[in-house]
Structures are given as C-alpha cells and as structure tokens.
Amino acid sequence: MIAPMLFTGFLTALRFGISKSSRQAHLFIRASAGSGNLRTGFSALALVGIAGIALFSPSRAAESGSSSGQAEQSTSPGIAFSAHVEGRKLPDDIKSLLEDTMELGRSQGVPPASLGQLRRRAVDEADKLNDVLRSEAYYNGRVEPVIEEAKGGRFDLTYRVTLGPRTMIRSFRIVYADSPSDAASLPKDATVLGLQPNRSVRAQRVIDLTRGALTWLENHGHPKPKLDNREVIVDLAAHLAEVTLTITAGEPKRFGEIAVDNRTGDEGVGRTSADYVRSLAKFKPGDLYDRRKADATVTALRQTSLFDQVSLEVEDASGDLVTPQLTLGERARRSVGVGASWSSDEGAGVRGFWEHRNLFGGAEKLRLELGIAQTKQGAKAEFGKPHFLRDDQTLLGSFEAAHEDTDAYNENRVKLGAALARQLLPSLEASAGVSFEVYRTQDSTGDHNYRLFGLPLTIRYDGSDALLDPTEGVRLGGALTPYAGTANGSAAAFTKFEATGSTYWSFGKRPDLTLALRGRYGLMLAQETLDVPGSLRFYAGGGGSIRGYGYQLVGPLDAAKNPLGGRSVVETSAEARYRATQTIGIVAFLDAGNAYATATPKFNKTLQLGAGVGLRYYTPIGPVRADIGVPLNPRDGIDDPFQVYFSLGQAF
C-alpha cells in the first residue's frame, strides 16, 4: 500500500505556560500532522493561528551537575540516573536554553520511581524541549529522548537534538483595522522598527517587534493603540514565515493643557506652583502626542527631588485633544543633617546644615551650614533657583563668613558671590559668576589685608557611578578665576587656575576590587605669593591630599618650618579598594606631590611620597573612612612618623 504523499490534517496549537527554568520568552507552536512524508519533494504550508504570546520571567532552576549540562538525580526513593543534552553543531545558547528547561536530572522534585516512569516523563519533557526549539525558529528541529543502562544499575538519559534549518522571516506586515485618518503615514511593515533582512522568526523577536510597533504609534500621535491579532504563516518546506499584526491605532491626538493634582502628606495641596510644574513639561499644548515627551516630563519632575510620586496619564478630551493628568506627591521640603570628622593633623570637627528645597514654590533651594572645628569655624548660606531664564540654567548665590587658624596662617574672611550654572550635557556642567571677597591674613611675614573682585569660571564633568563611593567612570574639573583689587592698600591682580581629575576601574561581581587614580595641577599667575590671601594659596599634605604628611605641610616653609603656601601645586594618588564583605573594605594607597613657590611646578624638585592602608565601613549613605598614612621620604624635624584620618566617603 502506497503511503499518502500529501502532508495533510495540520493541527496547530499555541501552548502557553511557564517553563520553571527558562529565562526567556518563548513562542510555543506545535504542529501535528496526519499521515504523510516530509522527506518527499512536496511543499508543505502550515497556517498557524496565533492567539497570543506568553512572556516568561521565571527564576532559573537551581544549578547542579557539571558545566557540560549533565545533572545527577540520586535521591531516594527512585531510580538513579543522569540527564544531559547533546547534538551535532548545537550552539551554546540553544544548549543552555534546553538545559534550563530540563526538570529531569535536577536536584529538586520527585525522582521517577521506575524505568517506565522515567520513559514517560522523558517523552513529556522532550515535548517541552521541542517547544523551545520552535521558539528559537527551529520548526523542523526535534528532540528525542534516549535512555541507556549504565554501570552500577544507573541509567543515562540523553536528549538528542537535531536542529535543521532555521525558519527566517519572509515578511512582517502591519495592518490597521480601524483605518485611522493618518494611515498613509503609519508603518506598513517592520522595517521602520529595525527589522533587518534574513532574520529568524524567533519568539522574542516577534514579541519585540510587536512592542516596537505599538511604541512607534504611541510616539507618533496614538496614545492607546491595541493589538487585535498576531498571525504567523510558516512554510515548513521553504523554512520561511510571514508575520501579520492587526492593530487598532485610534485617531491621532494632540496634547491639551496639563491638569495638575499636587498633594503633600496630610497637609493637603502641595506648595509647588502649577505654573512651575507646567514649565518643566517637554511638550506644549497642541503638540502631536508623543509618549517620549510625556516620559521625559516625568523624568524632569523626578529630578527636581521635590516629589516622591510622579505619574502622568492621558484622558480623552474634546476633538483631537487628550488631557495629560499629572498626579504629584510632594516629599518633605526641609531637612537637617549633622556630620563629624577627625584627623591627627586637623583635629576634630562637627558640621550641621538646614535645607529648604522649595522656598517659593519653584524648587528654589536655600541651604544654611555651620561648621566648628579646631582649625576652622564658619557659616555659609547658598541659594539656587533652577530654570532661571532657560530650562538648563540655575541662578546661584552664596555668602560665607569664616575664621581659620592653621600652621600656615590665621585668617578672617567674608565672601559674596553670584553665578549662572548651565547643564551643557547630562554629566557636564559649567558656571560663570562674580565675587567680592575680603581677607585679613596673618602669617609669618606679618598682617595682610585684601579686597578682591573675582570672575570665577568653572567646568565639571562627572561620569562616575556614585558620589561618595565611585567604582566606575571618570571625573574632571577645572576652575579659572581672575582676581583684581588691593593687597595691603596697593593695587593687585592675579589669576588662579586649578585642574583635577580621577578615574575608576572595577573588577568582580560586587565589585570586589576597585582601582582609583587621582591627579591635581594648579598654578597662580601672581607677582608674589604675598599678593594672594593665605587661603587662596596652594598647599599639599593631609587627608585629602598627600596622606602621611601634616595638613598643608608639603611645600614652601618658613624658618620655623611652618607652611607659607605656594603659587603652584601638583599631586597624584593611587588606591586599590578591596571590598571583603558587604560592609567591610580594605584600601591600600600611594600619594605623591608637592607645592612650589614658583608660578609653575618645578618637576625637578623631589616629590613627597606617602603610603598607607585604610579601612572602610559601608553604610547606606556611603563608606566611613579610616586611613593611616606614613611618609616614605620624611623630612628631618618636620614630618611625624604617621598620620590618621577619619571621614565619610572615599578619599576621592
């Protein structure tokens, strides 16, 4: 009797479920056929009606067995066996997916009680593995379980995989069931979504392109598109597939006026003005609806740090408009804080601050600080008004009154300043301003009075991943300030320039090891060092400079071996930070540098070297630092055998 030559009776079913060990979404398509022979020269066409695609994010099964994929099942009761996957030219990623889907041979679960039960369960599991192959576009592939007896009464279960050709996408059409008025401008295929030629019809690719189609519509005037149907036609003989999405797009819409609902705890209506909130919107009433602009508006509001809840929904309004409904929950507007530090060269100090982050309802920030330490006492006030004249610009104002008493000088000073800061790039900020500063400095050369006007220019790039404990990235900073005024009653002018930089590399999962490098370079275009107030001169040495040396003690000294300060400086530091546990870290460091009386550094002069070790205790707000440093080339009668430093945050 001649076997029928037509591949008939196609029965297709889309199976939904969660593979307990799968990390990836799979499109499970199974096609069973009546009698026929696919090895004949006849072409076969399988029409697969897809009702939906299930996404899976389950946890990976507990890993056991060897790296080759073999897993032992030897718990009692049950028969002893091992299970693994093998196949000719089987890619590692496909093998991993199959191994992740396997349940037989894993340590958890009830083992088969008999050989017959093992066979039945292996056949069922092979069906699941075949589903995985189809989800990866191997529709002609197959997985067959083979059980063989091994030594000692054990059994070997082998899933033998034959892949066959991968099914590629022949076409990917998009049909709009409601024929919106702008249908002619909407994408008709997946090319605009990024689909390249000769790509396989993997389940995840179909899912991603479907999401991409809906997202494209949301970004081009259609707030609520809906997927009606997803259809795939698979030509098993040609190894090609045709995908069709049927979507209800809805009529194109435009943004209307934002409706703001602002609340703050039990106090009722929030303080932030609705006009300020609307000024942060990345769209204007009448703009074509674009979800990206709505999301950017939410991001901008969150970045103000004024709100702990921000959500934006769109509701249909009259005609072609939608109303953006913005719901806000204000966080506490005021905060206070205290801190402390101690080092063997600077002594102990405490600091406190009070901050208001929304002074007048437009995110204006006022911060008052008071610091009392053995070497310095002072008060500072800082004010910032964001979005001043333009969205990326902040108006800054500052006032400082301080008294400082160090080995280098005894000084009283008052500073007033104003500046405009602009965000040039997400990680790049620049500012320009004006300052008026009054100093009364007493050093080993006598008393000096200064009245100075300055034009500070700064630029700062921060590409690091954390403020107090960076492990990756780069930081760069530069400051240039021309000064003009009087020094001891005579006209004086000078320019100060300083550049700093640091970089970080990490290794390990936590990461366990971070290598950090820092550099500092400064110069002063001044006729004499005494033309410059004591606190504006360059110094080196101390916990934030060259550890192992006293505070400000590296550089020019007077006859009594007290620091005079210099007109130039160069420093470099290297640290190896090892995080031994979640909360404990160990650091080894090497610092080098010097300050100079000349306007530019003299690199032929010996650099002072310091080295040491430190301990870090990691807290939610940053690491607590404890370092001990020793001078490697100490100067007789000047440098102590060691220095100790405590503070919050890394050294740099």
For A592 and I546, the nearest pair of non-hydrogen atoms, with its separation, is C-CD1, 4.0 Å
Please tell me if the side chains of S435 and K415 come closer than 4.5 Å, counting only heavy atoms from C-beta onward.
no
Mind listing the closest non-hydrogen atom pair of L312 and A294 along with its distance?
CD2-CB, 4.1 Å
Would you be so kind as to tabulate the donor-acceptor pairs closer than 3.5 Å made by side chains of residues 595-613, with sequence neighbours excluded?
from	atom 1	to	atom 2	distance (Å)
T598	OG1	T600	O	2.7
Q608	NE2	Y549	OH	3.3
Q608	NE2	N633	O	3.0

Distance alone, cut at 3.5 Å: any donor-acceptor contact between the side chains of S573 and R518?
yes
With rounding to the nearest 0.5 Å, note down the distance linking CD in E472 to CG in D465.
6.5 Å
So, Q374 side chain and A348 main chain: donor-acceptor pair closer than 3.5 Å or not?
yes
Under the salt bridge (Lys or Arg N to Asp or Glu O under 4.0 Å) rule, collect the residues that match up with E86, sequence neighbours excluded.
R160
State, without any angle test, whether S502 and Y504 hold a side-chain donor-acceptor pair at a distance under 3.5 Å.
yes
Assess the residue pair D208 and R205 against the criterion (side chain to side chain contact (heavy atoms under 4.5 Å, CB included)); give the C-alpha distance rounded to whole Å, side-chain angles, the decisive distance to 0.1 Å, and a yes or no.
CA-CA 5 Å; D208 291 343; R205 179 168 286 125; 5.7 Å; no
May I ask you to decide whether K376 forms a salt bridge with E404, counting only side-chain N to carboxylate O separations under 4.0 Å?
no
Heavy-atom pair of closest approach, residues A150 and D156
CB-OD2, 3.7 Å
Test log, rule side chain to side chain contact (heavy atoms under 4.5 Å, CB included), inputs I628 and Y645:
CA-CA 6 Å; I628 181 170; Y645 314 94; over 6 Å; no
State which residues pass side-chain hydrogen bond (donor to acceptor under 3.5 Å, both in side chains) with R635; sequence neighbours excluded, sorted by chain then number.
D639
Trace of the side chain to side chain donor-acceptor pair (under 3.5 Å) decision for S545 with E571:
CA-CA 7 Å; S545 177; E571 290 178 359; 2.4 Å; yes
May I ask you to decide if G542's main-chain N or O and Q643's side chain share a donor-acceptor pair within less than 3.5 Å?
no
Does anything in residues 622-631 pair up under salt bridge (charged side-chain N to carboxylate O under 4.0 Å, His left out), and if so which pairs, sequence neighbours excluded?
R547-D627, R616-D627, R625-D627
Are T500 and L476 close enough, and set up right, to give a side chain to side chain contact (heavy atoms under 4.5 Å, CB included), and what steps lead you there?
CA-CA 6 Å; T500 59; L476 299 172; over 6 Å; no
Checking S135 side chain against V132 main chain: does a donor-acceptor pair fall under 3.5 Å?
yes
In Å and rounded to the nearest 0.5 Å, what is the OG1 to CZ distance from T503 to F652?
10.0 Å
Between the side chain of T394 and the main-chain N/O of G384, is any donor-acceptor distance below 3.5 Å?
no
Residues in side chain to side chain contact (heavy atoms under 4.5 Å, CB included) contact with K365, at least two apart in sequence or another chain
E355, R357
Would R579 count as a cation-pi partner of Y618, with NZ or CZ less than 6.0 Å from the six-membered ring centre and within 45° of the ring normal?
yes
Residues two or more places apart in sequence or in another chain: which of them pass salt bridge (Lys or Arg N to Asp or Glu O under 4.0 Å) with R475?
D462
Rounded to the nearest 0.5 Å, how far apart are OG of S568 and CE of M524?
9.0 Å
Taking only residues two or more places apart in sequence or in another chain, which ones pass side chain to side chain contact (heavy atoms under 4.5 Å, CB included) with L280?
Y276, L301, T304, H387
What pairs with D295 under salt bridge (Lys or Arg N to Asp or Glu O under 4.0 Å), at least two apart in sequence or on another chain?
R291
List the steps, then state whether salt bridge (Lys or Arg N to Asp or Glu O under 4.0 Å) holds for K380 with E400.
CA-CA 4 Å; K380 181 186 295 186; E400 180 190 14; 5.1 Å; no
Residues that D558 engages under side-chain hydrogen bond (donor to acceptor under 3.5 Å, both in side chains), provided they are two or more places apart:
S444
Check for a donor-acceptor pair, side chain of Y159 on one end and backbone N or O of A83 on the other, with a separation under 3.5 Å.
no
With R537 via salt bridge (Lys or Arg N to Asp or Glu O under 4.0 Å) - residues at least two apart:
D443
Between L90 and K95 the two heavy atoms that sit nearest each other are CD2-CB, 3.8 Å
For T481, give me all partners under side chain to side chain contact (heavy atoms under 4.5 Å, CB included), at least two apart in sequence or on another chain.
P456, Y483
Run the side chain to side chain donor-acceptor pair (under 3.5 Å) test on T272 and E330 for me, step by step, so that the C-alpha distance in whole Å, both residues' side-chain angles and the decisive distance to 0.1 Å come before the verdict.
CA-CA 8 Å; T272 307; E330 284 193 12; 2.7 Å; yes
Let's go through Y578 and V587 carefully: what are the C-alpha distance in whole Å and the side-chain angles of both, what is the deciding distance for side chain to side chain contact (heavy atoms under 4.5 Å, CB included) to 0.1 Å, and is it a yes or a no?
CA-CA 6 Å; Y578 177 69; V587 171; over 6 Å; no
Could you tell me whether a side-chain N or O of K496 sits under 3.5 Å from a main-chain N or O of L536, the two making a donor and an acceptor?
yes
Looking only at heavy atoms, what is the nearest atom pair of S506 and T514, with distance?
OG-OG1, 3.1 Å
In terms of side-chain heavy atoms, does T375 have a donor or acceptor partner in D405 at a distance below 3.5 Å?
no
Can you confirm whether the side chains of T406 and Q552 place a donor and an acceptor under 3.5 Å from each other?
yes
Nearest heavy-atom pair of N358 and A363: which atoms, and what distance?
OD1-N, 2.9 Å
Backbone N or O of G534 within a donor-acceptor pair of the E411 side chain at under 3.5 Å?
yes
Can you tell me if CG on D93 sees more than 12 non-hydrogen neighbours from other groups inside 6.0 Å?
yes
List for me each residue that meets side chain to side chain contact (heavy atoms under 4.5 Å, CB included) alongside Q423, sequence neighbours excluded, and say none if there are none.
D392, E429
